[in-house]
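Predicted, not measured: the structure shown is a model, and the values here were computed from it. Reminder, nothing fancy here: chain letters follow the sequence lines and each chain counts from 1.
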2 protein chains.
Amino acid sequence: MKQNKPSAQTATIREIARRAEVSIASVSRALNGKPGISDALRDKILTISREVAYQPSAAARQLISGKAAVVGISLGRQDIELRPYYILLYQHLTVALHQQGMVPIFFHHDQTRELPERAGAAILLGETGEDERPGVLRAAGTPFVRIGNAGEGFSVAPDDVSGLYQITQHLIQQGRTRIAFVGGELDVPRPHSRFSGYQQAMAEAALSEQLLSLPHRFTSDSLTSYRRLNRFLNHEGAEQLPFDALVCATDELALGCVAALEDRDIRVPEEVAVTGFDDLPTLATGLTTVRQDIAAIAAMSVELLSEALAGKAPRHVSLPVALVLRETS
Amino acid sequence: MKQNKPSAQTATIREIARRAEVSIASVSRALNGKPGISDALRDKILTISREVAYQPSAAARQLISGKAAVVGISLGRQDIELRPYYILLYQHLTVALHQQGMVPIFFHHDQTRELPERAGAAILLGETGEDERPGVLRAAGTPFVRIGNAGEGFSVAPDDVSGLYQITQHLIQQGRTRIAFVGGELDVPRPHSRFSGYQQAMAEAALSEQLLSLPHRFTSDSLTSYRRLNRFLNHEGAEQLPFDALVCATDELALGCVAALEDRDIRVPEEVAVTGFDDLPTLATGLTTVRQDIAAIAAMSVELLSEALAGKAPRHVSLPVALVLRETS
DNA sequence: CTGAAAGCGCTTACAG
DNA sequence: CTGAAAGCGCTTACAG
């Protein structure tokens, strides 16, 4: 009675071989996309393996390869690696990798050169434009997937542009006309595409853009936006508010803005609407924001990694996002 | 030339058996503390295994046991799980576990009941006083280690009391006399022990305590302390500052305090010294703080987990911390 | 194209 | 107390 773990008994290749009436060698070849097997047989085996929900044993594979299926997770620049969004991503990545029998191991941005020595593949986070990591990995022959904008090689990203476009449109439909964008320029890779979604919606409605640009920061995003907005209001005077909505690049920035407005008794959303992006658990409570499915991003990264490992052609996957209307708009 | 991974070739039990001139069965028994082997032989084998720096193959063990050595990492309450300190802890835990051939899998605080079904052991983070998790795990027979204050069962924690005591004393030696403590009461498990370190040092110097208590928060710690201090100064008047030093329970709180003082042109550290706790990378730059070795905490957790799995007697390990003097004191 | 067999490192009945 | 052998699930030369 002590142990009642539901044995997640996956079928083994032996079971599949039995059903397909072939040898386990053929099953192994079919499963791994190895040559030397007829297409008919391969299809048959693949179908059966799907039916029995086959999951390979990572342990057995490792035993043979002599080393674990270690996937290096390369973090972005130091200043962004501690952000809630990334933390959530790490967690989901760990789970997704584990389900495929892979083991994650973290590398700081500046440890990229060590990565190929310790891992057989990599997932790159928080890539910037002039990032040297892809070059380093390519030179070492280490397959990788980027979580970020489309570009060379495999990559996944939420549809930032569409998200910001939708949320900006939502504000416009509410009758808001003086809508400002709050974001950091250096805050790669998100701001660029997010900002352009905002721009697109504003242009279509023939409204003029306003930008509250944030400095590159090392500490709290919320504190940064709070202080920035505060300073701005001190100068411009809170009486003739130059905006009736603040579209923020992240939930954290939005929270800082909400706090700053509250502290000046400016009503949200009556006088000023505030929107975020990410829909981070706990943090985004009450916030109108754009939800991105972090678990899906993690799962897709791992799937693409398998494709990369199998030598398939690179592709970019854009994952849908959803508008979440709450109290701040 | 493409692959030049330094094969971290650990010796296998076969190698040990060869050197000891025994069978691999005996080696296995000696290594696993199984009965049915003479003490002399066991010692001999253990010595050799140490000499060759033997590391068991997790893959092989898993293959036999039929399931991976999955360790559930149980996160604290939602509001604290996204803090930088915990992120760092996750990362180090992942690495430490991996080195022992174990695989981490994350569980939210309220998913604890599922943990025993999917993991064979657990590490508990951010435990509160009335936490139900230990009870749930004990009932399920799942061995676990807590990262937190001494109590029942296995646990590890940095020496919070000593750290706060040291940093407070440092300020006292500088001639500061009006030293306030900045911390959140609900901010378990750290505040309690940290606060008492401060109290101890203040009492010894016969100085009176001051407490700037923070509300339970869901967003940014830095923003919270910034606003709290700001509000405090608005009331008390910035001219007759009631303190000449702020001892904060975390680096993040300290950063908010520094920002608030800066925005009022109060000089740090001339007029007011500010200290943190944790020495978080990037965040703590420039901050006088107490460093705790997160990697060591992670490693010790995993070591204790092995002891728990082996049925050894529970113990608490307190890890040393170090004063780091920088620009804010 | 397909299969029988060896072997990855380890544990554990089964003999002695 | 000690050892020879089987077997965990899989991959990969080696034959056919």
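- A heavy atom lying under 4.0 Å from DNA chain D marks the following residues of residues 13-22 of chain A, by number: A/Ile13, A/Arg14.
- Scanning for side chain to side chain contact (heavy atoms under 4.5 Å, CB included) contacts around B/Ala296 gives B/Asp293, B/Leu319, with sequence neighbours left out.
- Distances shown here put every side-chain N or O of A/Thr12 at or beyond 4.0 Å from the OP1 or OP2 atom of D/dG9.
- One atom, CG of A/Asp39, and another, P of C/dC1, lie 8 Å apart when rounded to the nearest Å.
- Partners of B/Arg18 under the side chain to side chain contact (heavy atoms under 4.5 Å, CB included) rule, at least two apart in sequence or in another chain, are B/Glu15.
- Atom pair A/Leu41:CG and C/dT2:C1' shows a separation of 8 Å (rounding to whole Å applied).
- Separating the CD1 atom in B/Ile48 from the CD atom in B/Glu21 is a distance of 8.5 Å, to the nearest 0.5 Å.
- Among residue pairs with one or both ends in residues 138-158 of chain A, those qualifying as salt bridge (charged side-chain N to carboxylate O under 4.0 Å, His left out) are A/Glu127-A/Arg146, A/Arg138-A/Glu152; sequence neighbours excluded.
- Pairs passing the salt bridge (charged side-chain N to carboxylate O under 4.0 Å, His left out) check and including a residue from residues 33-48 of chain A, sequence neighbours excluded, do not occur.
- For A/Arg315, the side chain to side chain donor-acceptor pair (under 3.5 Å) test picks out A/Glu307, with sequence neighbours left out.
- Qualifying ring pair (Phe, Tyr, Trp, His ring centres under 6.0 Å) partners for B/Phe106, counting only residues two or more places apart in sequence or in other chains: B/Tyr90.
- Each of A/Val136, A/Val71, A/Leu124, A/Leu304 was evaluated against A/Phe144; a single residue qualifies, A/Leu124, per the side chain to side chain contact (heavy atoms under 4.5 Å, CB included) test.
- Helical stems involving DNA chain D, defined as 3 or more consecutive Watson-Crick or G-U pairs under 3.5 Å, span C:1-3 with D:14-16, C:5-12 with D:5-12, C:14-16 with D:1-3.
- Applying the salt bridge (charged side-chain N to carboxylate O under 4.0 Å, His left out) rule to pairs touching residues 46-55 of chain B yields nothing, sequence neighbours excluded.
- Legend: residues meeting side chain to side chain contact (heavy atoms under 4.5 Å, CB included) with B/Ala150, ordered by chain and number and at least two apart, are B/His316.
- By the side chain to side chain contact (heavy atoms under 4.5 Å, CB included) test, A/Ile24 pairs with A/Ile13, A/Arg14, A/Ala17, sequence neighbours left out.
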Enumerate all atom pairs, one protein N or O and one N or O from nucleotides 12-16 of chain C, separated by less than 3.5 Å.
| unit_1 | atom_1 | unit_2 | atom_2 | d |
| --- | --- | --- | --- | --- |
| C/dT12 | OP2 | B/Lys34 | NZ | 3.4 |

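- Nearest nucleotide to the side chain of A/Tyr54, out of D/dC1, C/dT2, D/dC10: D/dC10.
- When each of C/dT2, C/dC10, D/dC1 is scored by its nearest atom to the side-chain atoms of A/Ser26, the top-ranked nucleotide is C/dT2.
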